[in-house]
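Along the sequence shown, residues carry numbers from 1.
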Amino acid sequence: MSTDRDAVEGAGTGGGEAQVIVVGAGPAGSAAAVHLARAGLDVLLLEKSDFPREKVCGDGLTPRGVHQLVRMGIDINAPGWMRNRGMRWVCGGHQVELDWPRLGTLPDFGLTRSRHDFDDLLAAHARSAGARVHTRVKVTAPLTDRAGHVIGVCATRGPDGEPVRYRAPLVVAADGASARTALALGLQRDTHRPVAAAARRYYRSAARTHDPYLELWADLRCPGTGRDLPGYGWVFPLGDGRVNVGLGALPQHRHDRPVDLRAALEHWLRRTPEHWGLCEESAASPLRSAPLPMGLNRRPQYRRGLLLVGDSAGMVSPWSGEGIAQAMEAAEVAADTIALALARPAGPRREHALQHYPAQIRRRWGRYYRLGNLAGDLVFSRYGFRPLLHPRVMASPALLHTLARLLTQVTDEPAQDTIDAVLHTLLRLVPTPRR
């Protein structure tokens, strides 16, 4: 696929110009568009699908994700949101409930909402903030000048696939795990970092739909082999009569092949209480699966006019598999960087400002993700989460709360309590990634 300007000059009619083009209207793209529009920039948000649309996700937001919604001005008290108090961990016949901590910078509750309308809501919010949102526009490649610098995108538009070009001095790639825009510019995934997989299904469950906790199971097995699932299972209440039930798993250690998530889910659900209703008769959707690009597995996050945000940069947490909070947080950092960069004239000074984006990502997550990648290699891909929830750990509130805040990155900066201080000290011992 060529991205040279001469090669695409005749590829279609002009689709318009903007100061920034954002590719993909998931949480990363819509959040970037919101923050860019609020900064007074002319933003064009391009989405290949129509809304509402399905996305494979656990539909759960930790306080870190809720914080980003509040910063964007989303009305989280409107109908459709389901609040939760914390997490319930189940392992080896034991279970414990952990409330979200009360910190100065983060909410003390989480949220659930189906991605079917969550993404639609965020895209509508971007539009109301001033972004121009175009759906049914599939970006096929970045548009570059003779020096290889991105100056827009090539796309197809509408049901007939009309070829079209959109121009902007900066492009934000938020096109998900496929990362087509990044790949077209030669930004390859780090093959040393595994890509996890997730599968979820909705069930009607009057018994669990209003559960105040997100439930996580850490003692699941892979049918056939009997090995520990290199991941965990979840039951997330949606408050509308349904629950989101799913599994997330790394490739099995030494086998480097994906887990049969369908078989693992069926095996697990036979263990759940009958009154929960997690059976075929109460299924409210088909089983859907998707990849989880983890551990900052595509770098650098900025090159020649293209910024990577969310799954396109592999920003899913290697600790928990959470990706929405990280996507929205990175989107805000990218938007701030772009606003400051565009205040400078094109050239070296602007490029210097844009390098602040990957530097900020390293500062925020570099050590945390590096330690999480190591934990994934040595523990999660071999034994799942069972070793972390040893009976002695389950019996220790201090250890459990420390572990919970490590897995979800729900901490204050600077440290507000002993757990924060311990976690900050731990991360300072991790070498800083070079890039």
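Between L292 and A198 the shortest heavy-atom distance is CD1-CB, 3.8 Å. Considering every non-hydrogen atom in both A155 and Y166, the closest pair reads CB-CE1, 4.1 Å.
A salt bridge is defined here as a Lys NZ or Arg NE, NH1 or NH2 lying under 4.0 Å from an Asp or Glu carboxylate O, and D219 with R386 fails to meet this definition. R38 has no carboxylate O lying under 4.0 Å from a charged side-chain N of E332, or vice versa, which leaves the two without a salt bridge. Checked for salt-bridge contact, R102 and D108 meet the test: a charged N lies under 4.0 Å from a carboxylate O. Salt bridge E97/R85: absent, no basic N to carboxylate O contact under 4.0 Å. A salt bridge does not link D59 with R113: every distance from a Lys NZ or Arg NE/NH1/NH2 to an Asp or Glu carboxylate oxygen is 4.0 Å or more. Classification of R298 and D311 as a salt-bridged pair fails, no side-chain N sitting under 4.0 Å from a carboxylate O. A salt bridge does not link E322 with R64: every distance from a Lys NZ or Arg NE/NH1/NH2 to an Asp or Glu carboxylate oxygen is 4.0 Å or more. Ionic pairing of R382 and D377 is not present here: no N-O contact between side-chain nitrogen and carboxylate oxygen is shorter than 4.0 angstrom. Note on E162 versus R136: no salt bridge recorded, every NZ/NE/NH1/NH2 to OD/OE distance being 4.0 Å or above. By the 4.0 Å N-to-carboxylate-O rule, D42 lies close enough to R132 to be salt-bridged with it.
Under the 3.5 Å distance criterion, with hydrogens and angles disregarded, no donor-acceptor pair is assigned to the side chains of Y357 and D336. Under the 3.5 Å distance criterion, with hydrogens and angles disregarded, a donor-acceptor pair is assigned to the side chains of R367 and T432. Judged by distance alone, the side chains of N244 and R115 never bring a donor and an acceptor atom under 3.5 Å apart. Side-chain polar atoms of Q68 and R71 form no donor-acceptor pair below 3.5 angstrom.
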Criterion side-chain contact (heavy atoms from CB on, under 4.5 Å) on V243 and L278, from CA distance to verdict: CA-CA 9 Å; V243 290; L278 305 184; 3.8 Å; yes
side-chain contact (heavy atoms from CB on, under 4.5 Å) between V34 and L36, worked out: CA-CA 6 Å; V34 167; L36 288 165; over 6 Å; no
side-chain contact (heavy atoms from CB on, under 4.5 Å) evaluation trace for M315 with W365: CA-CA 9 Å; M315 289 182 173; W365 294 328; 3.9 Å; yes
CA sep, side-chain torsions, deciding dist, call: W100, N84, side chain to side chain donor-acceptor pair (under 3.5 Å): CA-CA 9 Å; W100 298 116; N84 58 75; 2.8 Å; yes
Residues V139, R180; criterion side-chain contact (heavy atoms from CB on, under 4.5 Å); working and verdict: CA-CA 8 Å; V139 171; R180 291 187 181 90; over 6 Å; no
Do any side-chain atoms of residues 392-400 form donor-acceptor pairs under 3.5 angstrom with protein atoms, and if so which ones, sequence neighbours left out?
{"unit_1": "S396", "atom_1": "OG", "unit_2": "L399", "atom_2": "N", "d": "3.2"}

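Ring-centre distance between W217 and W268: below the 6.0 Å cut-off. Separation of the F385 and Y232 ring centroids falls under the 6.0 Å cut-off.
Taking R53 as the reference, E47, D119 meet the salt bridge (charged side-chain N to carboxylate O under 4.0 Å, His left out) condition, with sequence neighbours excluded.
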